[in-house]
Amino acid sequence: MSDRTAPVVVIGGGIAGLLAAHELARHGVAANVYEAGPRIAGMAATHTDEDGFSYDVGAHFVTNRFMAALGMRAACRTLPRYGEVVRLGPDRHPLYPIGLLGVPRFVRSAIWEKVRRPKRDLLVAADRFRRDFGRALADEVALPLLEAWSGLPADELSSSVIDKLPTSLAKTIWLRAAQRITRRAVMIGYCKEEPSATGVFHVYPEGGIAAICGHVADGLASPVQVSSPAERIYTDGERVIGARIAGQEIETSTVISTLPINRLSQLVEGTDRLDRFRRFQFRGLVLVNLKLTGRQLLPEVIVWTPKGFPYFRVTEASLAMPWIAPEGKTMILCEFGAQPGDDVWSLSDEAIIERCLSTIGPMIAGVRERFIGASVLRQPLGYPVFALDYEPDRASLATEGTGIAGLHSVGRNGEFDHILMEDTFWRLRRRIPGIAQEHLKATHDHHVMSRPR
Ligand SMILES: Cc1cc2nc3c(=O)[nH]c(=O)nc-3n(C[C@H](O)[C@H](O)[C@H](O)COP(=O)(O)OP(=O)(O)OC[C@H]3O[C@@H](n4cnc5c(N)ncnc54)[C@H](O)[C@@H]3O)c2cc1C
């Protein structure tokens, strides 16, 4: 082995860590992936239960483009449909976002707002949503949803959260039309790093979303080291010099972390540069999967519920992926915004399932007769919260990274950004060549300096 192959330390065996190691290998740099838990995949895990229902913990929706880039397209099925609606009333479910244009009061107030308010930078989410969408749509739909999945009032949130939403209405209409014609779930809004197009559509890997992690892990030169938590990252104040993993000291000049950025800052020694990220907050989710008899119980795959329900969204993923539930049965996922320790988080499984059953009746008739069982998952890292309070630090993380040479924080939680798996992939594809070069140079310089003269 030459001096130039000292492995990069990759922290986390979720999709981001695995993709980072995969991309480093493409650039001739060895990496070891350390996962704290007993298995890989993190938030991209898939479970199949004894009744034959298959659940993806976080992600459900990936594209043919992403899967082709990983060499997995042949092992995926194409989704026949995908759609999102907003529940405005018992029989009113306009398609998101196009159908909302059919609601006269939304259109009137959006036009009024555009005329009345000059286009200028608005830093507060509530102001920006009202200006961009109109007061009626903002107050009745957008802001209640934003507050449910952020856990903060919209006037305490940064307007930069809006940049995370798909914006071009004309393109959305075009893509919806393509969906109808091609009878494929053309991707709208699931990736921002690469453009949407009529030829980019949703697919689903055989074996579930976790199969993506399995495939990437199998292609790595070194197996992922599970039950190996990163405990410390050592710096000399300016740059990374090593790490402690599961009690073992490791020399390295490069660490790629997929940990939540607020957690990463607690691991770093020798500098206080990351301390400002400690107060960043994530919004948790309680995910309740109801197993029911019947199919097509919801009007669309995703129904947003800005009002009248304790959960902000319900999903019938089997409308898009019929194979994840046994014939004649379905699953309805109810998503509650929650914070570890709060009232919703602390409800027992029985109590939160009962909350779903007792409130979902207006959307699903006879839900109790249909009920077969349910599973409950508490996910503390649902969404990064873009609080106004720390917006300058969030923006600096996005543009300047950690500020410590050799320490790279990547992925949805590491970058503290509303990105999905494909975004993570393309971002890594762009970032890794520079990281690989920097690593090879640092390793080489280190060996030159430490060589006896
Ligand atoms: C409700 C929901 C729905 C979503 N839907 C979609 C979707 O449809 N499509 C899509 O593309 N994306 C979706 N996503 C996003 C996607 O699931 C995540 O972006 C992705 O799984 C995050 O991967 P990651 O590797 O960045 O983080 P994680 O999956 O969290 O991986 C981090 C890993 O690090 C490990 N770890 C923690 N501490 C340590 C330590 N000290 N040392 C070593 N390892 C450690 C953890 O155990 C974990 O395995 C969704 C997310 C949520 C929450």
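When a ligand or atom number is given, it counts from 1 through the structure's own listing order.
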Residues 333-340 side chain polar contacts: donor-acceptor under 3.5 Å, at least two apart:
| unit_1 | atom_1 | unit_2 | atom_2 | d |
| --- | --- | --- | --- | --- |
| Glu335 | OE1 | Arg313 | NH2 | 2.8 |
| Glu335 | OE2 | Arg313 | NE | 2.8 |
| Glu335 | OE2 | Arg313 | NH2 | 3.0 |
| Gln339 | OE1 | Arg283 | NH1 | 3.2 |
| Gln339 | NE2 | Phe282 | O | 2.7 |

Output block, N or O contacts of ligand 1, threshold 3.5 Å exclusive:
| unit_1 | atom_1 | unit_2 | atom_2 | d |
| --- | --- | --- | --- | --- |
| ligand 1 | 8 (O) | His60 | N | 3.1 |
| ligand 1 | 8 (O) | Phe61 | N | 3.0 |
| ligand 1 | 9 (N) | Phe61 | O | 2.9 |
| ligand 1 | 11 (O) | Met421 | N | 2.9 |
| ligand 1 | 25 (O) | Ile15 | N | 3.2 |
| ligand 1 | 25 (O) | Ala16 | N | 2.9 |
| ligand 1 | 29 (O) | Met43 | N | 2.7 |
| ligand 1 | 41 (N) | Ala230 | O | 3.2 |
| ligand 1 | 42 (N) | Ala230 | N | 2.8 |
| ligand 1 | 44 (N) | Ala36 | N | 3.0 |
| ligand 1 | 47 (O) | Glu35 | OE2 | 2.6 |
| ligand 1 | 49 (O) | Glu35 | OE1 | 2.6 |
| ligand 1 | 49 (O) | Glu35 | OE2 | 3.3 |

_Counterpart residues, salt bridge (charged side-chain N to carboxylate O under 4.0 Å, His left out), relative to Asp155 (two or more places apart)_ =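 Expected list: none.
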*Under 3.5 Å, is there a donor-acceptor pair between the side chain of Lys329 and the main chain of Gly52?*
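Between the backbone of Gly52 and the side chain of Lys329 there is no qualifying donor-acceptor contact (under 3.5 Å).
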*Short side-chain to backbone donor-acceptor contact, Asp342 and Trp345, under 3.5 Å*: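 Checked: pair present.
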_All pairs passing side-chain hydrogen bond (donor to acceptor under 3.5 Å, both in side chains) where residues 399-416 contributes a residue, at least two apart_ =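 Sorted result for residues 399-416: Glu415-Arg427.
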*Is the NZ or CZ atom of Arg77 positioned over Trp323's six-membered ring, under 6.0 angstrom from the centre and within 45° of the axis?*
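Verdict for Trp323: a cation-pi partner in Arg77.
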